[in-house]
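What follows is a single structure, written as structure tokens, with notes after it.
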Amino acid sequence: MEIVILPTSKDVGRAAAAQIASIVGANPAAVIGLATGSSPQGIYSDLKRRVDADEISFANARGFALDEYVGIPLEHPESYASVITRDVVEPLGFNPSRVRVPDGRATNLEFAAKEYDAAIRAAGGIDVQILGIGANGHIGFNEPTSSFASRTRIKTLAPATREANARFFDTLDQVPAHCMTQGLGTILEARHLVLVAQGESKAAAIAGAVEGPLTSFVPGSALQLHEHATVVIDEAAASQLTLRDYYEYTYANKPNWQRVQ
Ligand code: F6R
């Protein structure tokens, strides 16, 4: 696992965006796993800067969102289908027909979840998966005790997750209790994972995911099983890491041929 610690959250967005840009630059038809929430906003805004400067294009790329609420309509401004359209598809110029979000409104949710996994496979798998992490260690909406083998399925959101996401709704009651999320097993099949986290509130989750034991109690620790995972965090999110000096030393001494700008 590569741990990159940078001074500010803006640096985090820029560095993670550079990784995505280098993958899309090499393969304009790349398949990108898309996260929602606050953490990846800096990535998307830096990618937009690169699109506007004609450095890269997402016109031929494909996208698969990590998760979706169950229990709110598609048109709801906080459905992840709406968020992905607003934050990713429109600003980055994805072809909307090449971007999918799990169908949290399907009559047969179990079938829709299985079909989503099958669609990712049919697209050739995800080249790079963007991830945030919850303060409770979740990735996607795989809450603590999610199986490392789990596939896309319905989950019940932890009360802490509903409270954290209440900022996007008028009241806590409006935050759905259920979601459809890519499983940890699904996420681990992506060829490259890029997890970003900013701020003190993520420090314990990052320490657990990066340095803690491999445990479904901290779903983010599944990254330890992946052969190509990059964790890009600011100093506050890195504040509980024991080997912080080592990660900074490693990054500072990285050979040029390994650097992504
Ligand atoms: C979002 C997702 C979640 C978030 C996590 C952190 O698609 O899957 O795992 O990444 O809840 O949320 P923020 O970034 O809002 O702190």
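Bear in mind that the values here come from a model prediction, so they are computed numbers and not experimental data. The first residue in the sequence is number 1, and the count goes up from there. Ligands are counted one by one from 1 in listed order, and the atoms in each one are counted from 1 as well.
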* **Residue, atom name and distance, where the atom is the protein heavy atom closest to atom 1 (C) of ligand 1** => Thr36 OG1, 3.2 Å

* Are the side chain of Glu68 and the backbone of Tyr80 linked by a donor-acceptor contact shorter than 3.5 Å? -> yes

* To do: May I ask you to check if ligand 1 and Tyr80 share an N or O to N or O distance below 3.5 Å?
  => no

* **Between Thr186 and Asp117: side-chain donor-acceptor atoms closer than 3.5 Å** => yes

* Structure fact -> Taken to the nearest 0.5 Å, the spacing of Thr36 OG1 from Phe141 CZ works out to 6.0 Å

* Less than 3.5 Å between some nitrogen or oxygen of Gly140 and one of ligand 1, yes or no? -> yes

* When rounded to the nearest 0.5 angstrom, what distance separates CD in Glu248 from CG in Leu241? -> 9.5 Å

* To do: For Arg105 and Ser79, test the side chains for any donor-to-acceptor distance below 3.5 angstrom and give the result as yes or no.
  => no

* Contact check, Arg167 vs ligand 1, heavy-atom distance below 4.0 Å -> yes

* Asked: With atoms numbered from 1 as shown, which atoms in ligand 1 lie under 4.0 angstrom from a non-hydrogen atom of Ser38?
  -> 13 (P), 14 (O), 15 (O)

* Going by atom types only, do Thr230 and His192 share a side-chain donor-acceptor pair under 3.5 Å? -> yes

* With no hydrogens and no angle check, do the side chains of Asp87 and Gln41 hold a donor and an acceptor under 3.5 Å apart? -> yes

* Asked: Between Gly199, Gly33, Ser39, which one has a non-hydrogen atom sitting closest to atom 13 (P) of ligand 1?
  -> Ser39

* Structure fact -> In ligand 1, the atoms that come under 4.0 Å of a heavy atom of His138 are 3 (C), 5 (C), 9 (O), 11 (O)

* For atom 10 (O) of ligand 1, find the nearest protein heavy atom and state the residue, atom name and distance (0.1 Å precision). => Gly132 CA, 3.3 Å

* Asked: Does Lys202 have a heavy atom less than 4.0 Å from any atom of ligand 1?
  -> yes

* Got an N/O contact under 3.5 Å between Asn165 and ligand 1? -> no

* To do: Any atoms of ligand 1 less than 4.0 Å from a non-hydrogen atom of Leu66? List them with their elements.
  => 8 (O)

* Structure fact -> The option among Ile133, Asn136, Asp67, Thr181 carrying the non-hydrogen atom nearest to atom 8 (O) of ligand 1 is Asp67

* Asked: For Tyr246, does its backbone N or O pair with a side-chain atom of Thr250 as donor and acceptor, under 3.5 Å?
  -> yes

